[in-house]
Amino acid sequence: MAVYSTPFTLHHNNLCLQNHPIVALNLHHHRRFSTIIKYVNSSKPNHTTSICVPEHELMLMNVATVLHSLDLTNPDQCVQSYALILRNCRKLHNLQLGLQLHGHMIVTGVDLCEFLGSQLLEFYCKLSTVDDTRKLFDEMSERNVFSWTSVIGLYSELGDYEEVISLFYMMNDQGLRDYKSGKDVYDYMTSIGFEGNNYVKRAFLDMFLKCGRMDIARRLFEQMDSVDVVMCNMMVSGYVSKRDFERALRYVDQMRLKGVMPDRVTYNTILSGLAQVGRFKEAAKYFSKMDGFGELEPNIVSWTAIITGNMQNGSPSRALNIFRKMINRGIKPNSTTISSVISVCTNLCLERLGKEIHGYCIKTEELDSNLVVNNALIDFYSKSQNVNNGARKNFNKIQHKDLVSWNSIRAAYATKGCRDDVIKLLYEMELQGFLPDVITWNGLITRFTQYGDGKTALEFFAKMCQLGVSPNTTSISGILTACAQSKNLKMGKEIHNYTIRNGIEMATGVRSALIAMYSGCDDLEASYAVFNGLLTKDVVMWNSLIAASGKSGFGVGALDLLREMKLNNAQPDSVTMISVLTACSKLAALRQGREIHQYIIRHGLDSSNFVCNALINMYGGCGCDNPQFTCIPYNSLMIIKVLDDCVEIFNCSLISVLYSHVRVNILVVCRKPD
DNA sequence: ATAGGGTTAG
């Protein structure tokens, strides 16, 4: 593991510090102290001691010793000691000592972190006055679920339901949704027969729905004396988020029976749910139902739901078409629509359109200053290789940056392979109080791999593990690709073992990455071994092995696999075609290439531009000149024509040719030469 | 105070 030249202290990992002399000394004190506390707590104390010294005095004496020996340069150890004493003050009902300790904490300036704060608060809750407890709670800068639970529990015991609910809303606002503390409060309130008004019930309904406890939510909903459209929509939304559209629709019927008419929010909820899972036809049905229906007329939310649904389900060009239709209808996009469309531009490498939309944003104050829009723009400029004048400018513009902003700007530098800039940004971010998450590391791993620097990608993977961030399947696939890229078979094998030990080798993405890793490290036999070891072989696995064989120069094997695949009743798809065509190209196997071409036409796989490009490549690789292209479908010929024009007129390299309905609309995306 | 659409990895 390389040592960074820049300061790099993202976490206080104290595990490795235990051998440090000062720390060891402190640990010694800590252990001694723990023993005493354990002894004080013990229900059967040692007779000789307990007879002559009362428990409280013993406690005081030893606490004083510990406080004097606290090593203030080791915050972690201090926190542990303070917390331990506080816990025991609580158990021994020693208010005075706890207050003294709080005073000591203020004097020494120990950081009231989430953990210590929650311990101190719990002490105040149990032993001190409500006012003092509340004062502490309000002044605490970091609150975790335990802190909220303590203070909510306090008010619920006092029977101050208004305060319980108001704290509940505050907790939800801060993004802390804790099912257990909510359920405790709820159980407590129902147990003493407190019914609560509809406001209270609505707050609980919200909580149970967000925790996915449909059973409790449903019971609560049925107990309501009266329901309004908002509460019905909450139920519909709950089922939609569970992807249970049938029940969601049943609630729509039910609300009609109760005399509540579904509104635009009801339809938008269902619409967006369907669009998010790619059920566009049904979504469109609801959309057209709303169309021309006065109050239910699709609004910006309805349009945006359809656009993002298409975007997130692999149809970005369709998302763009819908966006254009929306603009033509005179509907003004807002920040939500814009950020989604910028993401489309990023994915399709639509540089001109992206810049046009950026221009539109600059003219509108609301869009220009929006965090999410600017985050999307950072990524857009990063993917179009414009770091300093694009991504960085938007990053600097953001007043209150969030983790996404930092992740995006770092990825921008990673795209260019700037390792030092990335490390500097990690350090700067830490100073701002943000910790890197799994997306941070995955972003760095994949970008550095794409740049061709698998070594740095591996370095960040190690750093990620060292900091205790658990790798997920994306991290694993990424790091396997990095191993292939840097031909690091040893590390690749280690990762393979890791996946087996942790039971994550079953994920499709990981399996195909394993196959690609071994072939990339020139061990095609191992790729075959992984494949043969699979119990079920889906088309993705076949494609992975075919691609691996082709790339390793074993084209004959790739063609064999295609035959074998058909015999095993696996249906080849367009990805299969691309791989086998590449193999044919390398083998100059024109006869097989033509056969595959026939297969492509028979199965209608020629609508993908990638397949067409592979066909062009195959005929070219087999030494066919232009006349031979007559056997290529009409759309490919057009692409070639456009490609030639492109090179001739603009003198640029073609990176991607996109078309939805080729005869009608061809879109060529170009990149200036580097 | 309560319901619908958003950005970063793959």
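Within every chain, numbering begins at 1; the chains are lettered A, B, ... in the order of the sequence lines, protein sequences first and strands thereafter. Keep in mind it's a predicted model, so treat the numbers as computed, not measured.
- Of the side-chain N and O atoms in T446(A), one or more sit less than 4.0 angstrom from OP1 or OP2 of dG10(B).
- In this structure, Y251(A) and F221(A) have perpendicular ring planes: the angle between them is above 60°, well past the 30° mark.
- The listed nucleotides are dT7(B), dG6(B), dA1(B); the one nearest the side chain of Q276(A) is dG6(B).
- Distance, E297(A) CD to dG4(B) P: 22 Å, rounded to whole Å.
- Side-chain atoms of T474(A) and base atoms of dG10(B) include a donor and an acceptor less than 3.5 Å apart.
- Nearest to the side-chain atoms of D206(A) among the listed nucleotides dG6(B), dT2(B), dT8(B) stands dT2(B).
- When the side-chain nitrogen and oxygen atoms of K210(A) are compared with OP1 and OP2 of dT2(B), none of them lie within a distance under 4.0 Å.
- Contacts of N299(A) with the nucleic acid, taken as non-hydrogen atoms under 4.0 Å apart, include base atoms.
- Side-chain atoms of T474(A) and N442(A) include no donor-acceptor pair closer than 3.5 Å.
- Annotation: cation-pi pair K537(A)/F531(A) present, NZ/CZ under 6.0 Å from the ring centroid and within 45° of its normal.
- Atom CE in M234(A) sits about 9 Å away from atom P in dG4(B), given to the nearest Å.
- Nucleic acid contact class of G443(A) (heavy atoms, under 4.0 Å, all strands): sugar-phosphate only.
- Nucleic acid contact for S408(A): sugar-phosphate only, since backbone atoms but no base atoms lie under 4.0 Å from a heavy atom of the residue.
- I300(A) comes within 4.0 angstrom of a nucleotide base, judged by non-hydrogen atoms across all strands.
- Set against dA9(B), dG5(B), dT7(B), the side chain of N472(A) has dA9(B) as its closest nucleotide.
- Between the CG atom of L220(A) and the C1' atom of dT2(B) there is a distance of 13 Å, given to the nearest Å.
- Across all strands shown, S335(A) has heavy atoms under 4.0 Å from base atoms, whether or not it also approaches the sugar-phosphate.
- For I439(A), the side-chain atoms get nearest to dA9(B) when compared with the rest of dA9(B), dT2(B), dT7(B).
- Counting to the nearest Å, the P atom of dA3(B) and the CD1 atom of I270(A) are 17 Å from each other.
- Of the candidates dT7(B), dT8(B), dT2(B), the closest approach to any side-chain atom of V230(A) belongs to dT2(B).
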Using atom types as modelled, flag every donor-acceptor pair under 3.5 Å from a side chain in residues 265-274 of chain A to any protein atom, sequence neighbours excluded.
{"residue": "T266(A)", "atom": "OG1", "partner": "N233(A)", "partner atom": "OD1", "Å": "2.7"}
{"residue": "T266(A)", "atom": "OG1", "partner": "D263(A)", "partner atom": "N", "Å": "2.9"}
{"residue": "T266(A)", "atom": "OG1", "partner": "D263(A)", "partner atom": "O", "Å": "3.3"}
{"residue": "T266(A)", "atom": "OG1", "partner": "D263(A)", "partner atom": "OD1", "Å": "2.8"}
{"residue": "Y267(A)", "atom": "OH", "partner": "R256(A)", "partner atom": "NH2", "Å": "3.3"}
{"residue": "N268(A)", "atom": "OD1", "partner": "S302(A)", "partner atom": "OG", "Å": "2.8"}
{"residue": "N268(A)", "atom": "ND2", "partner": "N299(A)", "partner atom": "OD1", "Å": "3.3"}
{"residue": "T269(A)", "atom": "OG1", "partner": "V265(A)", "partner atom": "O", "Å": "2.6"}

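- Whole-Å rounding puts the K383(A) NZ to dT7(B) C1' distance at 11 Å.
- Under the 3.5 Å distance criterion, with hydrogens and angles disregarded, no donor-acceptor pair is assigned to the side chains of N375(A) and S408(A).
- In this structure, Q312(A) atom CD and dG6(B) atom P are separated by 6 Å, rounded to whole Å.
- Between dG4(B) and S237(A), a contact under 4.0 Å exists linking OP1 or OP2 to a side-chain N or O.
- The base of dG5(B) sits within donor-acceptor range of the side chain of N334(A), with an N or O pair under 3.5 Å.
- Listed by chain and number, the residues in a side chain to side chain contact (heavy atoms under 4.5 Å, CB included) with I300(A) are T304(A), M326(A), I331(A), N334(A), T337(A) (sequence neighbours excluded).
- Checking dA9(B), dT2(B), dG6(B) against every side-chain atom of R447(A), the shortest atom distance belongs to dA9(B).
- Rounding to whole angstrom units, CE of residue M311(A) and C1' of dG10(B) are separated by 12 Å.
- One donor-acceptor pair, N or O on each side, does fall under 3.5 Å between the base of dG6(B) and the side chain of N370(A).
- Checking the phosphate oxygens (OP1, OP2) of dG6(B), no side-chain nitrogen or oxygen of T337(A) falls inside 4.0 Å.
- Rounding to whole angstrom units, CD of residue Q450(A) and C1' of dT8(B) are separated by 14 Å.
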